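Okay, so here's the structure we're looking at.
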Amino acid sequence: MEVVEMVLVGKVNKSLVSLIHGAGGKAIGLCGIDGKLITARPAGSELGFVGEITFIDTSILATIVQAGHIPVIASVAADKDGQAFNINADTAAGEIAASLGAEKLILMTDVPGLMRDRNDPESLEKQIDIKGVRKLVDEGVVAGGMIPKVECCVRSLAQGVRAAHIIDGRLPHSLLLEILTDEGAGTMITG
């Protein structure tokens, strides 16, 4: 866990902060431990230091955002005794979005979005509701690493987020395309 913490909090987080600074933004890197942003517990004894979220306290984020900074959050959290845990980053993003009352949750990944056929980009589901997502999971169309992404989207929608998006971060300007165009650049999941 110490190595995971060093890599996620020390290396990856700071690299993202530097990229934002290079693009003209002002970012602050932190992790779930900072300000007790994310409190966790063990996800199961067989999983070691993998944790599940028990509480989100977004007060530290309000301070950062009000000061004009972009928070960059590494998904490392701690329990009430200070033991660090690795949290699924998509799950952390979804829970933070719900706690903030966000209108949208956007997950960037390395695939175009939810596709009926993984080998056919034309099978991309541009928009789907929770019922449709559950059907794709039941049919085995959504599998592997996409399941936690879809689960966090559904959970965030159930907690008040209005729309969740899964977009391809490799596509230039995918975030802008998804938000500002009718065509989008991935999959939008709605309640």
Side-chain angles (χ1 to χ4, degrees), residues 4 7-8 11-13 15-16 19-20 23 32 38 40 43-44 46-53 56 70-77 85-191:
V4 169
V7 171
L8 292 179
K11 177 88 173 113
V12 175
N13 186 276
S15 294
L16 292 171
L19 287 170
I20 292 169
I38 305 172
E46 69 281 355
L47 297 175
F49 294 106
V50 173
E52 59 184 31
I53 296 170
I56 301 283
I70 301 165
V72 179
I73 305 164
S75 59
V76 173
F85 290 96
N86 185 14
I87 306 295
N88 177 286
D90 297 322
T91 301
E95 293 295 318
I96 291 168
S99 293
L100 289 170
E103 184 173 324
K104 293 180 180 283
L105 167 66
I106 301 175
L107 302 178
M108 296 180 85
T109 187
D110 61 354
V111 296
L114 296 181
M115 297 184 295
R116 290 201 166 271
D117 177 352
R118 291 180 204 128
N119 300 316
D120 180 10
E122 296 299 314
S123 71
L124 176 69
E125 291 283 347
K126 292 279 195 178
Q127 186 169 347
I128 191 167
D129 62 13
I130 291 173
K131 184 177 175 184
V133 167
R134 288 192 174 127
K135 183 178 179 193
L136 292 180
V137 172
D138 291 344
E139 293 172 351
V141 173
V142 173
M146 191 58 77
I147 290 176
K149 290 182 187 325
V150 167
E151 287 175 349
C152 92
C153 288
V154 169
R155 184 166 164 80
S156 68
L157 291 167
Q159 295 180 74
V161 173
R162 293 181 52 193
H165 305 255
I166 299 173
I167 64 174
D168 190 344
R170 302 169 302 174
L171 180 67
H173 312 294
S174 59
L175 184 60
L176 294 174
L177 292 169
E178 184 66 17
I179 293 173
L180 300 176
T181 68
D182 291 334
E183 198 170 302
T187 301
M188 180 171 72
I189 305 169
T190 59

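For clarity, every value in this text was computed on a predicted model and none was experimentally measured.
- Here the straight-line distance linking atom SG of C152 with atom CD1 of I166 works out to 7.5 Å at 0.5 Å rounding.
- T109 contributes atom OG1, which lies 8.0 Å from atom CZ of R170 (distance to the nearest 0.5 angstrom).
- Residue I179 comes nearest to I106 through the heavy atom pair CD1-CD1, 3.7 Å, listed as atom of the first residue, atom of the second, then distance.
- Across all non-hydrogen atoms, the minimal contact from L177 to A185 is CB-CB, 3.7 Å.
- Heavy atoms only, all atoms of each residue included: C153 and I189 are closest at CB-CD1, 3.9 Å.
- In this structure, E52 and I87 approach most closely via the heavy-atom pair N-CD1, 3.9 Å.
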Could you check T190 against L157 for side-chain contact (heavy atoms from CB on, under 4.5 Å), going step by step and ending with a plain yes or no? CA-CA 7 Å; T190 59; L157 291 167; 5.7 Å; no
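- Between A92 and I38 the shortest heavy-atom distance is CB-CD1, 4.1 Å.
- Rounded to the nearest 0.5 angstrom, I20 CD1 and S15 OG are separated by 11.0 Å.
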Run the side-chain donor-acceptor check on residues 125-143: report pairs under 3.5 Å with partners two or more places apart or on a different chain.
{"from": "E125", "atom 1": "OE2", "to": "R116", "atom 2": "NE", "distance (Å)": "2.7"}
{"from": "E125", "atom 1": "OE2", "to": "R116", "atom 2": "NH2", "distance (Å)": "3.4"}
{"from": "K126", "atom 1": "NZ", "to": "E183", "atom 2": "O", "distance (Å)": "3.3"}
{"from": "D129", "atom 1": "OD1", "to": "K131", "atom 2": "N", "distance (Å)": "3.3"}
{"from": "D129", "atom 1": "OD1", "to": "G132", "atom 2": "N", "distance (Å)": "2.8"}

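- S75 is listed as a side-chain neighbour of N86, based on a closest heavy-atom distance under 4.5 Å.
- Side-chain atoms of L100 and I56, non-hydrogen and from C-beta on, never get closer than 4.5 Å to each other.
- Here the side chain of T187 pairs no donor or acceptor atom with the backbone of G113 at under 3.5 angstrom.
- Here the straight-line distance linking atom CD1 of I96 with atom CG of L105 works out to 10.5 Å at 0.5 Å rounding.
- Here the OG1-CD distance, from T91 to E151, works out to 7.5 Å after rounding to the nearest 0.5 Å.
- Counting heavy atoms from C-beta outward, V111 and M146 have side chains that approach closer than 4.5 Å.
- With rounding to the nearest 0.5 angstrom, the CG atom of L171 is 10.0 Å from the CD atom of E178.
- Residues L8 and N13 have side chains not in contact (no heavy-atom distance under 4.5 Å, counting atoms from C-beta outward).
- Closest approach of G94 to S156, counting heavy atoms only: O-CB, 3.8 Å.
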